[in-house]
Structures are given as C-alpha cells and as structure tokens.
Participant: 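This is the structure I want to talk about, given as structure tokens.
Chain letters run A, B, ... following the sequence lines, proteins first and then strands; every chain starts at 1.
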Amino acid sequence: MRMSRYFLPVLRETPAEAQIASHRLMLRSGMIQQASAGIYSWMPLGRRVLGKLETIIHEEQAAAGHIPILMPTLQPAALWQESGRYDDYGQEMLRITDRQGRHLLYGPTNEELVTDIFRGHVKSYRNLPLTLYHIQWKFRDEIRPRFGIMRGREFLMKDGYNFDVDEASAVHAYNRHLVSYLRTYQRMGLKAIPMRADTGPIGGKLSHEFLVLADTGESELFFDSNILELGLGDSDIDYDSREACASVFDRWTQQYARTDETHDPDHFARHVPAVRQRRSRGIEVGQIFYFGTKYSEPMDACVNDASGQRVPVHMGSHGIGVSRLVGAIIEANHDDKGIVWPEPVAPFAVGVINLKPDNEEVSAVCEDLCVRLEAQGLEPLYDDTDDRAGSKFTTMDLIGLPWRLTVGPRSLAAGELELTCRRDGRTFNCAPEEAIGRLTDIYGVK
RNA sequence: CGGGGUGUGGCGCAGUCUGGUAGCGCAACGGCUUUGGGAGCCGUAGGUCGUUGGUUCGAAUCCAAUCGCCCCGACCA
C-alpha cells in the first residue's frame, strides 16, 4: 500500500481526552476516531488489526471444530422474556422500539438467539456435540465508558455457544475452549492467564477469565509465578480427546490465579510460597462459562438422548473481546515512540521508507521491493511521500510496524538497504534479496 | 447515577475572574532555502467562541436552561 494513496490520519499532538497508552496511541496513529462516548469508528489501520485478530480467531475455532455463523445485532425482546433475562439484565441493555411498536434490543450477548436457532433444528443427541460461534458487534450501555476501546459501549466480540447431551460432554467443551483460547492468545503474541471467575449475569457454575498482564489493567491479580512458565508445547492437540484437553486444563488451573473478585487471601498466603506470590494488574480479554441447562430448560431446547429420553441440552458460552484485544496488545507492546506490534497482528508486515522519492534509482528499488514482498504474501506499507526523512521515521515508529526497510542513495550506492527491527532497533545492512529472505523467515511464509 | 471538570479555526491551548467585538503553537496552502531522525524564513487562508434564551449601549466573558465530552466512584468482554 502506498502511503500517498492511503488514509492514515496521524496526529502529532496527543488528544487531551486520552489517559492511557493504548488510547493515546490508537488516536495518534489514526486507528480509531470517537463518534460518541464509548463508540468508535475504525479507521483503515485499526480495521486491519481487527481483521488480523478475526482471522486468527477463525483459524483456531476451525481447528477446534467450531462452526461460524453470523447473528444480527438487533434481537427480539420476546426471546429474552422467555429466558427471563429481559428484566434481569438491567440498564446495561439498550432497548429499542421500532415503528410498529415492536420491542427490540441491541444484543449484549447471544445465548437466547443461538438457543432459538438450535432448538428449531436439532432434535437428537446424534447431532451433538455442536458449537456455534460468531464475531459480531455488541452493545452494553456501560455506566462509564473509558480508556478508548478498552471499555467501549459498542465492541466487537467473538462469542461461541456449545450444545452437549450431558454434563461430561459439556465439561469437555469447556476444556476444549480453554485450550483453544490459550492457543489463540499465544498466536496474537500475548500471554493470557486463565483465572477462576464469577459468572455474573450469564449465570452458571464454572467460569474462567483470561487476563493479560498490564499495569493499566482494571483488574487486580493474585497468582503463583509458576503459571508464567507454562507453555502449550509445540505439537497440535487432539481436540476430540477429553483426556488431552483435560490435562491442559489441569495444568493451567492447578496454579493459584485469581482476580480481586475471587481472591482468597488466606488460601493464597498458606498454599503459595512467598517467593512465588505475584500481585499485578491485568486486562480481561476473554471468559468462558459452563452453565448447564440455564437457557435450554426455560427455552425448551431439548434433544432425545441415546435411550430415547427428551433431555435439555447442556450449554456453555465463551467470549473473546476482539476490539478490546487491540488495546490490550498495545498496552503490552509499546514504548515512548509508539506502538510495537507483534508480527502476527501487525497491520502491515513491513514499512518501506523511500528517503528520496525524486531519485529514480531509489524509487525503482522501492517499487521492486514492494512487488516482491507482496508476491511473498508480506504486505508492505510504502512511504512514498515527499516528507522529510525524520518525519517518516517518526510516523513509522508511531504506527509500530515490526520491521522497516529504509532505502536511500547513501546505502544504495553499496547495493544495500537497511532492515530495522522496531522492537529493539537492531539494523541489518543487506541487499534487497537478503532482506526479503529474512522477512519471509521471520513471518514463516514460503 | 453521585461528585469534579470542560466545550474558543483540523489538533493542542490562552483569553472568561475585572464585558469593549478573538489570539498563540502545530497542521494546511504559496514562495525561497534546506533535505538519512518531526527543517528555517516570508506570506496566505480558515473561527457568528457547543446550543437556546436573558441582562447590557455592547457578551467568548455576567445570568439561566440545555446538549456534548472528560475525570473520580459503584458495574462489565
């Protein structure tokens, strides 16, 4: 993408309203623009990051055998009256009346709608297990939106719902989701820690939240430092294996890890050695629930089991805060110059800076570079503008592409350009071919 | 919702207390010089001061109402 033809409205000065790094940097790098309190437009750069996150989520969901659908943002109130949540949910739910006087709501979550879809089509245990999910905009009329998209009222969420014939199957679905979420966050360059959680208005008996460590997080965390050493291993997991999923679940949940909501100070003090006790702040980026028949019973979502009995299905739901993740990733990956994107979620793989756009040789090298990068599936953002060099460097640092190729007459005289790492600043002087080779290695494309 | 702020060219702000008809920096545009880490000089353009009403000879400034936004608190992906 040529910067001269792109829409990248970066701000030189920090808008007064931005209090935390991610909000400040998202506004300055032209990723978002506020439309109203807690409601944002996503500009091209921000939209690209959302797209990267969605792609990773879809791939990991597919690996776990979950099926994508797309439900609407507006839902009929009647379904929520059926589950009993229309009155329970409170002021946080935005209620709407259409011209016919019909009562609608802008969905804060989708248990009722998906249960309605399920019950109309699935009648037998033979069609289970089934997990349906979508990535859709939600609206929760927060009392006080703040911190940019971190606590918006409108936000993009991946929400999934599993349907199983009995509790044991549903617990497997729960464990399977825990594993797939850990893999999803890992692919985004994040270390997310599962922590036992309250179930809140979703209801149910089993729930874990996923938290990313960040000083500006809204939750206070207490955990055993051993959990920071845990990995997922290098091999693929068999998601159909109850034992395999349960063992990952056990490994990740046997260490003490709680938020302030569920923290048990006595237990923490007695069972976690003092040298391993950690206290930190974190950002919640996802949550999983098992709630059994809470919705299937009142909404009559039943299947025939193996013995011919009609039984309510066991369900759980699972959410990833996609738009919030953008903020969380920035909180965990920035410095005083700007954002430092992890490669898998970067809006562009590499920035190409042309130091002399009016020099034909330099420009020819840049154009050729971009064509070849694109042929490798590595999207470049090509700064072909006639700004001064310093200004280009500063902008590129601000928007935080992980790698930068700098092309100017000085190094080109030796047949070289510069490949610079945004995170640590190390620079390689090398020929274009070698730079492309290094980048394809880094991004793991062939 | 309670408490505290705030609203002035695209962005960041001053001016409000003590009414006299709007200013600074950045950005934009033009010219010259400059050109490998946010250039310099000269010039140009852009605002009925959130909105409505009131007081006054006169309101960005005083009064009232209203709307928006931000911060602190109780709630949440």
Participant: With the side chain of L355(A) defined as its heavy atoms from C-beta on, choose the nearest nucleotide among G12(B), C75(B), G36(B).
Facilitator: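 Looking only at heavy atoms from C-beta outward on L355(A), the closest nucleotide is G36(B).
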Participant: Report yes if at least one side-chain N or O of R388(A) is closer than 4.0 Å to OP1 or OP2 of A39(B); otherwise report no.
Facilitator: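 Checking R388(A) against A39(B): at least one side-chain N or O falls below 4.0 Å of OP1 or OP2.
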Participant: Look at the side chain of R140(A) and the base of C76(B), then say whether one donor and one acceptor between them are separated by less than 3.5 Å.
Facilitator: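 By the distance-only test, no, there is no pair.
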Participant: Whole angstrom is fine here: how far is it from CZ in R324(A) over to P in C76(B)?
Facilitator: 12 Å
Participant: Would you call D384(A)-R5(A) a salt bridge at under 4.0 Å N-O?
Facilitator: no
Participant: May I ask you to verify if any side-chain N or O of Q91(A) is less than 4.0 angstrom from the OP1 or OP2 atom of C75(B)?
Facilitator: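 Q91(A) to C75(B) OP1/OP2: no side-chain N or O under 4.0 Å.
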Participant: Using a heavy-atom cut-off of under 4.0 Å over every strand shown, decide if S36(A) touches base, sugar-phosphate, or nothing.
Facilitator: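 S36(A): backbone/sugar contact only, no base atoms under 4.0 Å.
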Participant: When you get a sec, tell me which of C26(B), G37(B), C76(B) is the closest nucleotide to the side chain of E261(A)?
Facilitator: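 Looking only at heavy atoms from C-beta outward on E261(A), the closest nucleotide is C76(B).
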Participant: Which protein N or O atoms sit under 3.5 Å from an N or O of nucleotides 4-11 of chain B?
Facilitator:
residue	atom	partner	partner atom	Å
C11(B)	O2	E13(A)	OE1	3.1

Participant: Which nucleotide in the list C75(B), U35(B), G38(B) gets nearest to the side chain of K356(A)?
Facilitator: U35(B)
Participant: May I ask you to establish whether R438(A) and F428(A) are in a cation-pi arrangement, using a distance under 6.0 Å from NZ or CZ to the six-membered ring centre and at most 45° from the ring axis?
Facilitator: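 That pair qualifies as a cation-pi contact.
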Participant: When you compare G12(B) with C71(B), how far apart are their P atoms, in angstrom units rounded to a whole number?
Facilitator: 14 Å
Participant: Look at R258(A) together with E220(A) and state whether they make a salt bridge at an N to O cut-off of under 4.0 Å.
Facilitator: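 Salt bridge between R258(A) and E220(A), a charged N being under 4.0 Å from a carboxylate O: no.
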Participant: Charged N to carboxylate O below 4.0 Å: is that the case for K356(A) and E361(A)?
Facilitator: no
Participant: About how many Å separate CD1 of I57(A) and CD of E60(A), when rounded to the nearest 0.5 Å?
Facilitator: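 Going from CD on E60(A) over to CD1 on I57(A), the span is 10.0 Å.
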Participant: With ring centroids as reference points, do F289(A) and H318(A) lie under 6.0 angstrom apart?
Facilitator: no
Participant: Of all the nucleotides listed (G38(B), C76(B), C70(B)), which has the minimum atom distance to the side chain of E92(A)?
Facilitator: C76(B)
Participant: From the options C76(B), U35(B), C71(B), select the nucleotide whose nearest atom is closest to the side chain of R146(A).
Facilitator: C71(B)
Participant: Can you find a donor-acceptor pair, distance only, under 3.5 Å between R28(A) side chain and G12(B) base?
Facilitator: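 By the distance-only test, no, there is no pair.
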Participant: Answer with yes or no whether D397(A) presents, from its side chain, a donor or acceptor under 3.5 Å of a partner atom in the base of G37(B).
Facilitator: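 In this structure, the two groups form a donor-acceptor pair.
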Participant: Taking the side chain of R404(A) as heavy atoms from C-beta outward, which of U35(B), G37(B), G36(B) is closest to it?
Facilitator: G37(B)
Participant: Out of A74(B), G37(B), C76(B), which nucleotide sits closest to the side chain of R144(A)?
Facilitator: A74(B)
Participant: Salt bridge check: are D335(A) and K337(A) linked by an N-O gap of less than 4.0 Å?
Facilitator: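 Not counted as a salt bridge, because no side-chain N and carboxylate O are separated by less than 4.0 Å.
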Participant: Choosing from C70(B), C72(B), C69(B), which nucleotide comes nearest the side chain of Q19(A)?
Facilitator: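 Nearest nucleotide to the side chain: C70(B).
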